[in-house]
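In each ligand, atom 1 is the first atom listed, and ligand 1 is the first ligand listed.
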Amino acid sequence: MHHHEYIKFKTRGEVDIVNITDQVAKVVRNSGIREGTVTVFAPGATAAISTIEYEPGLLEDFPDALERLFPKGLVYKHHLRWHDGNGHSHCRAAMLGPDITVPVIEGNLTLGTWQQIVFIELDNRPRDRKVVVQVIGE
Ligand code: ZN
């Protein structure tokens, strides 16, 4: 059995961390699937899906960590070629990855107590985003 839905929302640019856990859990409920997996995928080369403890400290720490790893102020060949200012966004997105798969057991996401599923906007401008959520199982 399989079921999919899209989650749509608007983001601010430059590391907007959106908690989509409740929407993903709702898609799993709508699917009626009790045992299987749910895949959450962000189509787009300047966004990522991950998990984090969604609390105010980390919502500042994580963007700071990305800035240390992939500083915005460096010279990026991507920018020299396309002049869109988001070379750092693409590098961050490639490293973090566009998807996550979570086991579904007895109809529930098997997340840890403090573990939330997040969409991470890495582009340098606000975007309209659409995330694919696909549940496969029985
Ligand atoms: Zn670009």
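- Judged as a salt bridge (Lys or Arg N to Asp or Glu O under 4.0 Å), the pairs with a partner in residues 97-122 (not counting sequence neighbours) are, in order, Glu121-Arg129.
- In the hydrophobic clustering (ILVMFWY side chains linked at under 4.5 Å, chained through shared members), Val104 is joined by Met1, Ile7, Phe9, Val18, Ile20, Val24, Val27, Val28, Ile33, Val38, Val40, Ile49, Ile100, Val102, Leu109, Leu111, Ile117, Phe119, Val131, Val133, Val135.
- At a cut-off of 2.8 Å, His90 is counted among the residues with an N, O or S atom near the Zn ion (ligand 1).
- Ion pair Lys26/Glu5 not flagged as a salt bridge, since none of the NZ, NE, NH1 or NH2 atoms sits closer than 4.0 Å to an Asp/Glu carboxylate oxygen.
- The NE2 atom of His78 and the OD2 atom of Asp84 subtend an angle of 100° at the Zn ion (ligand 1), given to the nearest 10 degrees.
- At least one N, O or S atom of Asn86, from either the backbone or the side chain, sits less than 2.8 Å from the Zn ion (ligand 1).
- Inspection of the Asn86 and His78 side chains reveals an N or O donor paired with an N or O acceptor under 3.5 Å.
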